[in-house]
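Have a look at the structure below before the remarks.
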Amino acid sequence: MKRKLNINIDHVATLRQARQGTYPDPIDTIEIIKKAKANGIVMHLREDRRHIQLNDLRRFKKKYKFHFNLEMAPTIDMINIANKIKPDVITLVPEKRMELTTEGGLNLKTNFDNLEKLVKKISKDIRIMFFIDPIKLQIDIALKLKAYGVEINTGRYSESTSYYATKELKRIKKAAAYSTSMNLYTAAGHGLNENNLSKLVKIKDIKEYNIGHSIISNSIFYGLYGSIKRIQDIINVDD
Ligand code: PXP
């Protein structure tokens with residue numbers, strides 16, 4: 001089975017922002033990503049603009065028709081940006097200023113009122129996904145919010161040592177099966193790398209992976225094309 005792989009290019013921009021300069025340019029990765037036959041890209045426009053900048057989104061859209069998933073916090077300012085940029089998909093994620101990276105799934109229960117208002121404002125031609133922890137209730141609420149799909153947070157799985165990783169894997173498997181049975185498109189992401197992916201890819205209900213940090217890091221050693229191919233070799237194992 002061919003699973004989809006979207007490359008998160010945020011950390012190309014992290015390197016550029018380290019010197020507040022013009023290179024490396026995350027948009028320059030697109031040709032390589034297309035050549036490697038990944039399915040699309042992900043960019044997270046954070047409110048503090050620590051890596052991807054608004055102009056990166058504009059430049060990407062001007063030049064490419066490639067599949068684009070825009071990750072963002074659930075705020076009206078971000079929705080207004082998305083409505084102008086028109087990514088194919090938006091993934092709503094929780095965001096905290098002080099965090100090093102996204103720390104957990106978006107709690108759809110506690111944020112329900114805000115989310116219900118916001119999703120009504122999202123342009124109809126943009127598919128909506130929610131980044132959630134592997135919990136049935138979160139999937140039920142995603143359905144109520146008319147989601148196209150969910151991205152299951154694999155952060156806890158990827159950080160866990162074996163006993164907890166196995167437990168977390170079971171939760172992810174159950175959540176992915178439930179999400180698929182409810183006709184939600186099911187993706188997974190956060191903290192995934194060459195070591196922890198092989199167990200996860202056994203979960204057939206996960207149709208798409210969104211991976212950034214490990215692929216961009218490994219491109220130091222293998223080049224971006226090689227780094228993507230190494231991940232594709234793992235996720236495209238035959239069933
Ligand atoms: N999915 C979501 C919702 C994320 O927030 C991130 C990190 O920006 C990723 C996937 C990619 O995670 P990583 O960079 O650890 O592969």
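Just follow the structure's listing: the first ligand is 1, and inside any ligand the first atom is 1.
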Handout entry: Glu151 and Asn210: side chain donor to acceptor below 3.5 Å
Key =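 Indeed, the side chains of Glu151 and Asn210 share at least one donor-acceptor pair under 3.5 Å.
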Problem - Contact check, Thr91 vs ligand 1, heavy-atom distance below 4.0 Å - result: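 In this structure, Thr91 fails to qualify as a contact of ligand 1 - no heavy atom is under 4.0 Å.
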Exercise for the section: Look at ligand 1 and say whether Ser214 reaches it with a heavy atom at a distance under 4.0 Å. Expected result: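 Judged by the 4.0 Å heavy-atom criterion, Ser214 does not count as contacting ligand 1.
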Handout entry: Residues in side chain to side chain donor-acceptor pair (under 3.5 Å) contact with Lys136, at least two apart in sequence or another chain
Key =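 Partners of Lys136 by the side chain to side chain donor-acceptor pair (under 3.5 Å) criterion, ordered by chain and then number, come out as Asp140.
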List the closest protein heavy-atom neighbour of [atom]: residue, atom name, distance to the nearest 0.1 Å.
atom	result
atom 16 (O) of ligand 1	Gly212 N, 2.8 Å
atom 3 (C) of ligand 1	Phe131 CD1, 3.2 Å
atom 2 (C) of ligand 1	Glu71 OE2, 3.0 Å
atom 1 (N) of ligand 1	Glu151 OE2, 2.5 Å
atom 14 (O) of ligand 1	His213 N, 2.9 Å
atom 15 (O) of ligand 1	Gly191 N, 2.8 Å
atom 6 (C) of ligand 1	His190 CD2, 3.5 Å

For [Y], is there an ion pair with [X] - N to carboxylate O distance below 4.0 angstrom?
X	Y	value
Arg3	Glu208	no
Glu168	Arg171	yes
Arg16	Asp56	yes
Asp25	Arg59	yes

Handout entry: Close N or O approach (Asn210, ligand 1; < 3.5 Å)
Key =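 Not met; the criterion fails.
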Exercise for the section: Could you check whether the rings of His11 and His51 sit parallel, tilted or perpendicular, using 30° and 60° as the cut-offs? Expected result: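 Judged by the thresholds at 30° and 60°, the geometry between His11 and His51 is perpendicular.
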Problem - Proximal ligand 1 atoms for Asn8, defined as those under 4.0 Å from one of its heavy atoms - result: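 Listed by number with element, the hits are 8 (O), 11 (C).
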Practice task
Under 4.0 Å from a heavy atom of Val93: give me the atoms of ligand 1 that qualify, with their elements.
Solution key: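 Selected atoms, number and element: 3 (C).
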Problem - Members besides Ile220 in its Ile/Leu/Val/Met/Phe/Trp/Tyr cluster (side-chain heavy atoms under 4.5 Å) - result: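 Under the 4.5 Å side-chain rule, Ile220 groups with Phe221, Tyr222.
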